Structures are given as structure tokens and as C-alpha cells.
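One structure is given below, encoded as C-alpha cells.
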Amino acid sequence: MKLDAILVLDFGGQYCNLIARRIREHKVYSEIVPCDITPEEIGELNKRMNVKGLILSGGPWSVYEKDAPKFDSRILKMNIPVLGLCYGHQLIAHFADGKVEPGTKREYGIANIVVDKPVGVLKGLSRREKVWMSHGDTVYELPGDYEVLAFTETCPIAAFRHKENPIYGLQWHPEVVHTENGMKMLSNFIFEVCRCQANWKPESLIDKAIHETREIVGDGKSIIGLSGGIDSSVATFLAAKALGERLLAIYVDHGFMRFGEAEFVERTFQKHGVNVVIIRAQERFLKRLNGVIDPEEKRKIIGSEFIRVFEEAAKKIGAEYLIQGTIYPDRIESGFRKHSDTIKTHHNVGGLPAKMEFKAIIEPLRDLYKDEVREVAKIMGLPSELVRRQPFPGPGLAVRIIGEVTQEKTMLVRKADKIVTDEIEKSGFGDRLWQYFAVLTETKSTGVKGDSRAYGYTVAVRIVESKEAMTAGFAKIPYEVLERISTRITNELPQVTRVVYDITHKPPATIEWE
Ligand code: XMP
């Protein structure tokens, strides 16, 4: 049975995948496609789904920029409903020969809109609504075949629709939680305007991933990089379901793993009948990182060394494919899209060397957010100690040691991490938190231990709450718990004289320090 689907045209906006995800939350299938998709390509997609609507995402552009991405205007004539958000809204107005003025500065934050006509996408909304806006250009006028549905003090055309065709534009972001009735607006578009049926289930993701993996690998063999974090664990279970004995999970111990990690991974996966090997490669990683202090260089070195280790292991068993647990935020932050910016190179994405000896790399979780991965894990019946695991970056503790990585620093940060983890889990806060860990900073400071002066390392404790890691807040942990962590670290690690708590949200900081 073909599913009803909404396509999200990607103009490089930060929230592009969030739109797709919100649609899936309404149990309607959604896929992200390039912004310049043609009617012919949409026709091709229609062979495997019923394309019922198009959403033009936001993007960091002004319609007047020379290289600003555009869409194929023929898509407006396909009689498929179209909804433009932010940049998408301005672009539709621009194409329609409306008056779009470049802003002198970007307006950013909560805005109060007045809904003049509560119809279509705005059906059932109150006259006043709170929405999240972030835009440079503003639409000031539209031709007579369009009508204005909402405005704000500074934005005379904050929402519009075409009088005859199902074409809508919203200057704000309904996909962001700060837009109070954002879900209602999207549901209006999906069900009232596009007339979609809610027949998509998260289980379909599992079937899709298994089917896709079997299709690509055929009768061949594949390896998968298993780090023990939730993403690669779920990808491993999925791949094992697809390929059975033809899958080998490889856990590379690059020396920057958490305490007891290798043993945990080996035990858990063997128990569930997955082929798994542990490759101990600490020395070769440490050697390559010798003298390296730049975080991006560290990530790239670790990424490329990983691939070399995988290639060697794959050759031994004759595997031609590599499966990875990359998820959507890893890709977006690595700047994989044509129109977005690199924030940091996640080692399993941008850190890959240009030349690799695999026929293909398969990323079954590539479009999902972390909480969707957890949902898949639950549906698949994965053991709870895996479902509840904290995310752990591929480059491991190496990106939690600021500056040069050495054996001594790795040992210190691993022990400090164990203390943070133990104390948070004992305190009962663990389940509410996204991540809790220690960072070894480059700052040394004076302390007093016993009766003498000490000069030692500063450990930073990072504890955050988040829903999908795109944004995060530092957790307001009780002082007593922080005190126990601090006391234990300075008592048990004589090289550390100071412990600080990181009180920065994401943005502006990222969760990991490097
Ligand atoms: P940042 O530091 O970018 O992290 O705010 C967002 C989430 O991603 C995890 N992370 C990684 N995961 N490979 C991964 O598989 C990586 O290279 C990587 N870097 C960061 C991080 O722990 C957080 O949960």
C-alpha cells in the first residue's frame, strides 16, 4: 500500500528535518528532498508514495542574494498544496511578483500575530497567537490573487494564501515548540488542506531500514561500526535482523572509551546473538594524535583511522559494505547539505576520508532524531540498559580532553567520567537527563591539598537536558549532588585541583566541548 506523504524542500534551514519529524508525529510519512526538485522527479516519487503536499523550508537567505536557492516554479502548478515557511514564504511571494524587502537586521524571537482570517492552515486559531519568527526579508505586498491571513506590528503579511490554489505562506516557524499552536497549524495543512490519511507508523522505519539494507548488500557481507552508544547499537540490531550471520559488528577500542565499555558491549551483543569482535587499537590512535590540538583535526584523524581499522577487518572477512549509526543531527551539524553550515565534524560523517574501500556506506538511521531512535529501540524490544544509554560521541573521550591527548589525560577524564556517571545514577536524576560527563580542560590552577600547595588540572562537569540534541539546557542539579561529584573527583584524582560546572545552554555552546 502506498502511503500519503508530504515532501519537505530543503533550503538549508536549521529546522528543515524538524518539519519532517513533526509531520511524522502526525503519523504521516515525510521525506526531505532537494529544494530544486522538478515536477518530473515528484512524479517519480509518486510511484512509491502519494505526494499530497509540499513544504518549502526556511533557510539563511535573502531572496535577493545572488546564490540564494530557488525552486522550480512549475511545482506551484501541479495542484499539490504548497506551504512556504519563512524563507519559503518569502520565495513564493517573490515568485508571485510581490514586494519583498530585504531587512536591515534579522528579527528573531517570539512575535505576536493577529490572525485576520482563521482559514486553511490557520483554521481554529484565536485572533492573537504567539509564534517563533526568525527572518531578514519581509513580504510587504502581494498581487490581487493572494489574500493576507495574518500580520504583526512589523510584518504586514505574516501569513497569506492564494485565493484559488492551495498555496500558503507563513513568515514564522510552526515546527518550533515556541510557536504555541504550531502543531495545530501543521495538522491543518496536513489534514485540512492536503487531506492526508494518518497511516504511517514508526515501525515502518524498521521495515524500511531492513529492506534497504538487504537490497544494497544483496548476498554480500557487511561490517558495522559499533560504539556502544544508542545509535550504533540500534543500527547493529537492525542490520543483524537484515543480514544475520553476514554481519560482523566491530567495536574499535581506540583507547578513548568509557570505563568498562568494551566488556559491556561484548557481553550485551553476544547475548543477543550478534557477531561482534573487539579490536584493540589504542596505540595506533594515540600515535596519530600525538601533538594534535585542533578539535576538528582530532575528529578527522580519528574518523580516518577508524575507517582504516574497519577496512582491514572487512578485508579479513571479505565484507564489502560498511553500516553506520549516523543520525540526522550528526549530518546536519557536519554540514552535509548544500545550503547549511558546518558546526563540527561528527567523526562518522564529515570525518570520513575521501577515498574508502567500501562499495557503499549504509546509514539506516540517517533521517532520525535521537528520541525517534529510542522509540525504534523500544519497538524492537532492545534491552533497557541499551535504550537508556547516554549518547557517546564516536571520537570518545578524545573530544573531552581539551588540547593534546595523552595517556595520563585520558586516564584522568575516564575516572572523572565514572565518578560523574556513578553519582548522577545514584541520585536518581539520570533518566531525566540527556548526558552527564566530565571534560578535562586545558586550564591548570593552584590548589591546596593536605598542607601543601598543589598545581593541577581543572575538570569541568557537563550535565544537560535535551530532547533531540539540536538544543540543550544545562541541568539545574542540586548542589549536594554537585558537591559529592566535586569532592570525589578532587579526592580520588590527586592531579585535579579544581572542578567547575558548565552553565551554558546549547546554543550558544555545543554539548561536547570539542
Ligand atoms: P554537540 O556537541 O554537537 O553534540 O552539541 C550533539 C550530540 O551528538 C553527540 N556527538 C557525536 N556523536 N559522533 C557521534 O556519533 C560524533 O562525532 C559526535 N560528536 C558529538 C554528542 O555527544 C551529543 O549527544
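Heavy-atom basis, side chains included; hydrogens, waters and symmetry copies ignored. Owing to the predicted nature of the structure, the values given are computational and were not obtained by experimental measurement. Order of listing sets the numbers, starting from 1, for every ligand and every atom in it.
If you check each of Arg462, Glu512, Glu514 against atom 22 (O) of ligand 1, the one with the closest non-hydrogen atom is Glu512.
The shortest N or O to N or O distance between Pro395 and ligand 1 is not under 3.5 Å. Between Lys506 and ligand 1, at least one N/O pair is under 3.5 Å apart. The shortest N or O to N or O distance between Ile511 and ligand 1 is below 3.5 Å. In terms of polar-atom proximity, Arg299 is counted as a contact of ligand 1, with an N or O under 3.5 Å from an N or O of the ligand. Among the atoms of Arg400, none of the N or O lies under 3.5 angstrom from an N or O of ligand 1.
Judged by distance alone, the side chains of Glu408 and Tyr457 do bring a donor and an acceptor atom under 3.5 Å apart.
Under the side-chain contact (heavy atoms from CB on, under 4.5 Å) criterion, Gln407 pairs with Leu286, sequence neighbours left out.
Ring centers of Tyr87 and Phe11: under 6.0 Å apart, within the cut-off. Taking the centre of each ring, Tyr251 and Phe269 stay at or above the 6.0 Å mark.
Within ligand 1, the atoms closer than 4.0 Å to a non-hydrogen atom of Pro391 are 24 (O), numbered from 1 in the order shown. Each of the following atoms of ligand 1 lies closer than 4.0 Å to a heavy atom of Thr510: 1 (P), 2 (O), 5 (O). Short contacts between ligand 1 and Gly394, defined as distances under 4.0 Å to a heavy atom of the residue, involve ligand atoms 13 (N), 14 (C), 15 (O), 16 (C). Interface atoms of ligand 1 facing Trp434, defined by a heavy-atom separation under 4.0 Å, are 24 (O).
Note on ligand 1: Gln390 sits outside its first shell, no heavy atom being nearer than 4.0 Å. At a 4.0 Å cut-off, not a single heavy atom of Trp513 sits close enough to ligand 1 to count as contact.
For the side-chain hydrogen bond (donor to acceptor under 3.5 Å, both in side chains) condition, the pairs that include at least one residue of residues 256-265, sequence neighbours left out, are Arg258-Glu261, Glu261-Arg389.
Between atom CD of residue Glu175 and atom SG of residue Cys86 there is a gap of 8.5 Å, rounded to the nearest 0.5 Å. Note: Leu440 CG to Thr410 OG1 = 9.0 Å, rounded to the nearest 0.5 Å.
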Asp137 and Ser62: side-chain hydrogen bond (donor to acceptor under 3.5 Å, both in side chains), yes or no, with the steps?
CA-CA 6 Å; Asp137 289 355; Ser62 157; 3.1 Å; yes

